[in-house]
Each structure stands twice: as structure tokens, then as C-alpha cells.
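Just below is one structure, and these are the notes that go with it.
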Amino acid sequence: QVQLVESGGGLVQAGGSLRLSCAVSGRTFAVGWFRQAPGKEREFVAAFSGSGYMTYYVDSAKGRFTISRDTAKNTVYLQMSSLKPEDTAVYYCAADHVYRPRMTYGEASRQSSYDYWGQGTQVTVSS
């Protein structure tokens, strides 16, 4: 059974940094981060392909966020820097049990590509 547990959220001032962690138990392939701000739909942030060699980012995260993984710990990280108040959201980790050898950005960014979801961790960026 696959379980995803996020941690690392918190309150940070604009311009600051946070590192989110997603501990994955069970066999998965692609792992992604999504976020949902108050009153808004959940949106894609970043993802690793199933092979682990490809990464994908939403435009607003490029240059500020970095997704990485520690295979020994089976943990995926989202390092966030230069945070802005508009980054305030609940951040969710998601995982896919289907191996997609040529994962496209469309597949990586689509919520329906993922079968398992964590409970979320709150990130609040103050101005």
C-alpha cells in the first residue's frame, strides 16, 4: 500500500525559503507536487518523471523551486526559495503507480495522472 507523508511547511517571510519533504512508502514512479491556495483550484507545481531523470515545473516555479529526491530515503523534496505571498497554499505530494517512459509535461502536470496523494502541508508566506 502506498502512503505519502508531507512535512516541512510553515510560516515564512517573503523572500525566504522552505524545503518540503514527501516520504513515500510503497512502489511508485512519477512523483509530483501540487498546491491549492484558498478559493482556488489545485494546481501543478513540479514533478519527477517515473524514470527519475526528467523534471517538470510550472512557469511560476522555474528558477525558484527545485524538486529533488533521495532514493535511499525514498523521499522527494521541494526546495522553495524567493518565496512570494502568492505561493501561500496547501502543498500536496502525489505519486503515480504507472510507469510512463516518455512522460510529457501534460501528463506530469495533470492531477488525474496520479493515483496517490498525501494529506498536504500548509505554506504561508507573509509580505
Side-chain angles (χ1 to χ4, degrees):
Q1 184 173 351
V2 174
Q3 287 189 324
L4 308 174
V5 180
E6 303 101 330
S7 61
L11 174 64
V12 64
Q13 288 188 332
S17 300
L18 278 176
R19 188 179 78 161
L20 306 183
S21 300
C22 175
V24 181
S25 61
R27 183 173 175 81
T28 62
F29 293 101
V31 177
W33 285 96
F34 290 76
R35 66 186 180 186
Q36 187 166 21
K40 296 188 177 181
E41 293 186 353
R42 190 158 55 184
E43 64 174 1
F44 171 73
V45 178
F48 260 114
S49 67
S51 67
Y53 294 113
M54 296 293 294
T55 56
Y56 312 85
Y57 295 93
V58 69
D59 285 345
S60 61
K62 290 178 181 177
R64 299 190 302 127
F65 294 3
T66 302
I67 189 169
S68 63
R69 66 198 306 167
D70 183 332
T71 54
K73 295 182 178 179
N74 217 12
T75 299
V76 176
Y77 303 99
L78 184 68
Q79 177 69 47
M80 306 185 294
S81 59
S82 301
L83 283 163
K84 305 174 183 179
E86 51 263 44
D87 295 317
T88 295
V90 177
Y91 284 70
Y92 297 91
C93 177
D96 183 5
H97 81 287
V98 176
Y99 180 60
R100 305 173 198 264
R102 291 184 174 81
M103 195 175 200
T104 65
Y105 178 86
E107 290 174 318
S109 61
R110 194 159 51 231
Q111 295 182 53
S112 59
S113 295
Y114 300 88
D115 307 290
Y116 307 101
W117 293 82
Q119 81 288 351
T121 186
Q122 176 71 47
V123 172
T124 303
V125 184
S126 63
S127 57

Heavy-atom closest pair, residues [X] and [Y]:
X: Val90; Y: Gln122; value: CG2-OE1, 3.2 Å
X: Thr88; Y: Pro38; value: O-CD, 4.3 Å
X: Gln36; Y: Lys40; value: NE2-O, 3.1 Å
X: Cys93; Y: Val31; value: SG-CG1, 3.8 Å
X: Ala47; Y: Tyr114; value: CB-OH, 3.5 Å
X: Leu18; Y: Gly8; value: CD2-O, 3.8 Å

If you round to the nearest 0.5 Å, how far is [atom2] of [Y] from [atom1] of [X]?
X: Glu107; Y: Ser112; atom1: CD; atom2: OG; value: 9.5 Å
X: Ser49; Y: Arg102; atom1: OG; atom2: CZ; value: 12.0 Å
X: Arg64; Y: Lys62; atom1: CZ; atom2: NZ; value: 13.0 Å
X: Gln3; Y: Ser25; atom1: CD; atom2: OG; value: 4.5 Å

Say whether [X] and [Y] are linked into one hydrophobic cluster, either directly or through other cluster members, by side-chain heavy-atom distances under 4.5 angstrom.
X: Phe34; Y: Met54; value: yes
X: Tyr56; Y: Phe48; value: no
X: Leu83; Y: Ile67; value: yes

- If we ignore angles and hydrogens, is there a donor and acceptor under 3.5 Å between the side chains of Arg35 and Tyr91? yes
Would you call [X] and [Y] a side-chain contact if the rule is heavy atoms closer than 4.5 Å?
X: Arg100; Y: Ser113; value: yes
X: His97; Y: Asp115; value: yes
X: Thr66; Y: Tyr57; value: yes
X: Gln79; Y: Ser17; value: yes
X: Met80; Y: Arg19; value: no
X: Thr75; Y: Arg69; value: no
X: Leu20; Y: Val123; value: yes
X: Val45; Y: Leu78; value: yes

The side-chain contact (heavy atoms from CB on, under 4.5 Å) partner of Val58 among Phe65, Trp33, Tyr105 is Tyr105
| said: Under 4.0 Å between a side-chain nitrogen and a carboxylate oxygen: does that hold for Asp87 and Lys84? | reply: no
- Side-chain donor/acceptor of Glu6 to backbone N/O of Thr121, under 3.5 Å: no
_Any side-chain to backbone donor/acceptor pair from Asn74 onto Val24? Under 3.5 Å, distance only._
yes
Going by the angle between their ring planes, with limits at 30° and 60°, are Tyr99 and Phe29 parallel, tilted or perpendicular? tilted
For Tyr92, does the six-membered ring have the charged nitrogen or CZ of Arg42 within the cation-pi criterion, i.e. under 6.0 angstrom from the centroid and within 45° of the normal? yes
